[in-house]
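In what follows, every chain begins at residue 1, and chains take the letters A, B, ... in the order their sequences are listed.
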Amino acid sequence: MIRLFDSVRGEISELQLRDAGEVSMYVCGPTVYDLPHLGHGRYTLIWDVARRWFTFRGLEVRFVSNITDIDDNIISRALRDHTSEPVVAATYEQKWWEAMDLIGVARPSQVPRATQYVVQMVELISSFLDDGVGYATSDGIYFDVSRVSDYGLLAGQPLDSLRAGARVEANDEKRSPLDFALWKFAKPGEPSWPAPFGDGRPGWHTECVVMSLGLLGDGFDLHVGGFDLKFPHHENERAQAVAAGHTFARHWSHSGWVMVGSEKMSKSLGNFTSLTDLVEKTDPRAYRLLVLRSHYRSPIEVTPATIGDAQRALGRLDTLARRFDLSALAGPSLEVASEFTWGEGGKALFEKVGGFLDNDLDTPSAVAALFEAVSGANSAADQGDDALAQELARAVNALFGALGLALLSTSHLVDETSGTLVAERDEARSLKNWAEADRLRGELVALGWVVEDSPSGTQIRRP
RNA sequence: GGCGGCGUGGCCGAGUGGUUAGGCAGGGGCCUGCAAAGCCCCGUACUUGGGUUCGAAUCCCAACGCCGCCUCCA
């Protein structure tokens, strides 16, 4: 049984699946007009972890995440860069996938692009116009939120209280400030699609509802995204689904943001660090570990200090991988628990960690338990209990793999010069010529190696 | 103004009323020729003020500070 915080109920509740053994989830993807930043990195990592865990648990996961390849931001970016919208979208979509690959986020099962669903969007909007739920203004077609009785469900407050606080918008043709654009009429030079109610382009909220329902169907299991999408984006998606007579997501969940100092990282504040920049400077796995060590609904701060902390903690895991010669798990492919042979100690760890993860994706507790098991494995090995040590180490490796974190035991390629120095040092040590041994160690360190003695002699690796 | 969240040891970060979270950094020890790695031990934290309770970081009330959503936003 998997439990997850539900944003509508406001409490942790059991994930009631539409079809037994199968999870259908939709993650609002990026609008591709700029490089992905740490905030994008965080939500993609979190939902990647959730997906991997569900899969590891033996569930069949249909994971749909869209690409918004037409919207106002893309249009202004194309203008700024003196190029076309399709070029902007293609360029930054590629950057997106490059970043996802670097941080080890598995590709979605399906990736719908908004421009491929315009026909269905036009149909939906037409039906809204027929029903009077949609209405035209001089610049587009809008959705009348008052027509959905429980509008405000995601916001957690009723329509009138939202309206009271709503800021005034420029467009006074709207019946309510909360009404949102289903369709924007094309201005000269803007990309547009034909529609009986006037050529133009779809609104963001309409894109997502059409793609999620179109691919996953009525009453799909789980709709997720960052907290800031809860309202109005998700509210408006749902409003359209309900108005069109569909059952929408059974469960909603939202992830916390990345903080910069005491502010939320966001495009509009301009205080973002690109994901590409981060992973160029540090091991991308450190970011995943940092994300795993805090709860997905809490804000996190990504600073040189916190990322360095994670980097060193990661070092401890890689040391385990070296000591036990573990081969890296986790990659583009997803792991399944039933394919492992756990052993008694490993099985106990799996159950403990699984208990945490099944309970609202409690990765901090899971990671803590895994680090305890790292000590357990090392300790067992120090005391000569190799069987237990191996079992624990393998289980740790498998479970981190299940969370998408690959432990690396890579013995870096040793060049001839360094190899000779190692051999000479071992020779010197066997002759108890400590001065010479230390001198040779110094040379290796100068070449950038970390030098460690082991029962089988000098071991070198890159830091 | 409405709604929601947060305030934990040097730092990060979990904590479901009572027993060690975990990591990083630091100190001591074991091991080691010396190191490194590993193992063991250590700091004894919970914004403030009340209250409930045999007992509260954990529940209630208040205060202070901080953040988010209500507008494009992951």
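- Note: CG (A:D228) to P (B:G5) measures 17 Å, nearest angstrom.
- Checking A:S7 against A:H254 by side-chain atom types alone, a donor-acceptor pair falls below 3.5 Å.
- Rounded to the nearest Å, the gap between the P atom of B:G26 and that of B:U8 is 23 Å.
- Out of B:A74, B:C39, B:C67, the shortest distance to the side chain of A:V258 is found at B:A74.
- Among the heavy atoms of the strands, none lies under 4.0 Å from A:D72.
- Using a 4.0 Å heavy-atom criterion, one finds that A:G39 contacts the bases of the nucleic acid, with or without backbone contacts as well.
- The shortest distance between the side-chain N/O atoms of A:S454 and the OP1/OP2 oxygens of B:A37 is not below 4.0 Å.
- For the pair A:N378 and B:C39, the criterion of a side-chain N or O lying under 4.0 Å from OP1 or OP2 is met.
- In the set B:A21, B:A36, B:C24, the nucleotide with an atom closest to the side chain of A:V450 is B:A36.
- Distance CG (A:L275) to P (B:A74): 13 Å, rounded to an integer number of Å.
- Remark: A:R3 is not in phosphate contact with B:U16, judged by side-chain N or O atoms under 4.0 Å from OP1 or OP2.
- For A:S365, whose side chain is taken as the heavy atoms from C-beta onward, the closest listed nucleotide among B:A74, B:C72, B:A14 is B:A14.
- Under the Watson-Crick or G-U wobble criterion, with both distances below 3.5 Å, B:U20 has no partner in any strand shown.
- Nucleotide B:C39: paired with B:G29 (Watson-Crick or G-U wobble, both distances less than 3.5 Å).
- A:A313 comes within 4.0 angstrom of sugar-phosphate atoms only, judged by non-hydrogen atoms across all strands, and of no base.
- Going from atom CG of A:D48 over to atom OH of A:Y43 covers 11.5 Å, rounded to the nearest 0.5 Å.
- Regarding contacts with the backbone of B:C69, a side-chain N or O of A:K264 is found under 4.0 angstrom from either OP1 or OP2.
- Residue A:Q157 contributes atom CD, which lies 7 Å from atom P of B:C3 at whole-angstrom precision.
- The residues A:R322 and A:D318 are annotated as not salt-bridged, no charged nitrogen and carboxylate oxygen being separated by less than 4.0 angstrom.
- Proximity note for A:W204 (side chain, C-beta onward) versus B:C72, B:G68, B:C69: the nearest is B:C72.
- Checking B:A74, B:U71, B:G23 against the side-chain heavy atoms of A:W257 singles out B:A74 as nearest.
- Sequence order on RNA chain B of the closest nucleotides to A:V451 and A:R312 puts A:R312 first from the 5' end.
- As the counterpart of B:G65, B:C6 is assigned, both hydrogen-bonding distances of the Watson-Crick or G-U wobble pattern falling under 3.5 Å.
- A donor-acceptor contact closer than 3.5 angstrom is absent between the side chains of A:S375 and A:N378.
- Rounding to whole angstrom units, NE2 of residue A:H295 and P of B:U16 are separated by 11 Å.
- Heavy-atom contacts from other residues, nucleotides or ligands closer than 6.0 Å to NZ of A:K95 number 12 or fewer.
- For the C1' atoms, the distance from B:G68 to B:A74 is 13 Å, rounded to whole Å.
- Atom pair A:W47:CH2 and B:A74:P shows a separation of 16 Å (rounding to whole Å applied).
- For the pair A:R201 CZ and B:C72 P, the interatomic distance rounds to 14 Å; values are reported in whole Å.
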Pairs under 3.5 angstrom, nitrogen or oxygen only, protein versus nucleotides 30-33 of chain B, please.
| residue | atom | partner | partner atom | Å |
| --- | --- | --- | --- | --- |
| B:G33 | O6 | A:R425 | NH2 | 3.4 |
| B:G33 | O6 | A:R429 | NE | 3.3 |
| B:G33 | N1 | A:D438 | OD1 | 2.9 |
| B:G33 | N2 | A:D438 | OD1 | 3.3 |
| B:G33 | N2 | A:D438 | OD2 | 2.6 |

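- Candidate nucleotides B:G22, B:C73, B:C12 were compared by shortest atom distance to the side chain of A:S266, and B:C73 ranks first.
- Across the interface with RNA chain B, nearest-nucleotide mapping of A:S375 and A:L38 shows A:S375 to be the residue nearer the 5′ end.
- Nucleotides B:G43 and B:U48 have their C1' atoms positioned 24 Å apart, rounded to a whole Å.
- The existence of a salt bridge linking A:R201 and A:D71 is excluded, since no basic side-chain nitrogen approaches an acidic carboxylate oxygen closer than 4.0 Å.
- Note: A:H223 and A:F248 have tilted aromatic rings, judged against thresholds of 30 and 60 degrees for the angle between ring planes.
- Summarising the geometry, the separation between CG on A:N433 and C1' on B:C34 is reported as 13 Å, rounded to the nearest angstrom.
- Base pairing of B:G1: its partner is B:C70, meeting the Watson-Crick or G-U wobble criterion (both donor-acceptor distances under 3.5 Å).
- Contact annotation: A:R316 reaches the phosphate of B:G38 (side-chain N/O to OP1 or OP2, under 4.0 Å).
- In this structure, A:G256 reaches the bases: a heavy-atom distance under 4.0 Å links it to at least one base atom across the strands shown.
- Atoms CG and OG1, from A:L35 and A:T91 in turn, are 10.5 Å apart once rounded to the nearest 0.5 Å.
- With both pairing distances under 3.5 Å, B:C46 is matched to nothing as a Watson-Crick or G-U wobble pair.
- When distances are taken from the side chain of A:E452 to each of B:A74, B:G13, B:A37, the shortest belongs to B:A37.
- A salt bridge does not link A:R429 with A:D438: none of the charged nitrogens is closer than 4.0 Å to a carboxylate oxygen.
- Comparing atom distances between the A:F371 side chain and each of B:C67, B:G38, B:G23 picks out B:G23 as nearest.
- Distance noted for atom P between B:C54 and B:C46: 24 Å (whole Å).
- A:H254 places its NE2 atom 13 Å from the C1' atom of B:C73, with the value rounded to the nearest Å.
- Between the side chains of A:S13 and A:D6, no donor-acceptor pair is found at a separation under 3.5 Å.
- Residue A:M265 is in base contact, counting any heavy-atom pair closer than 4.0 Å across all strands shown.
- Residue-level contact check: A:S255 touches neither bases nor backbone, having no heavy atom under 4.0 Å from any strand.
- The side chain of A:L178 approaches B:U71 more closely than any other nucleotide in the set B:U71, B:G38, B:A14.
- Comparing the P positions of B:C3 and B:G13 gives an interatomic distance of 29 Å, to the nearest angstrom.
- Residues A:Y33 and A:Y92 keep their aromatic ring centres 6.0 Å or farther apart.
- Nearest nucleotide to the side chain of A:H40, out of B:A74, B:G23, B:C72: B:A74.
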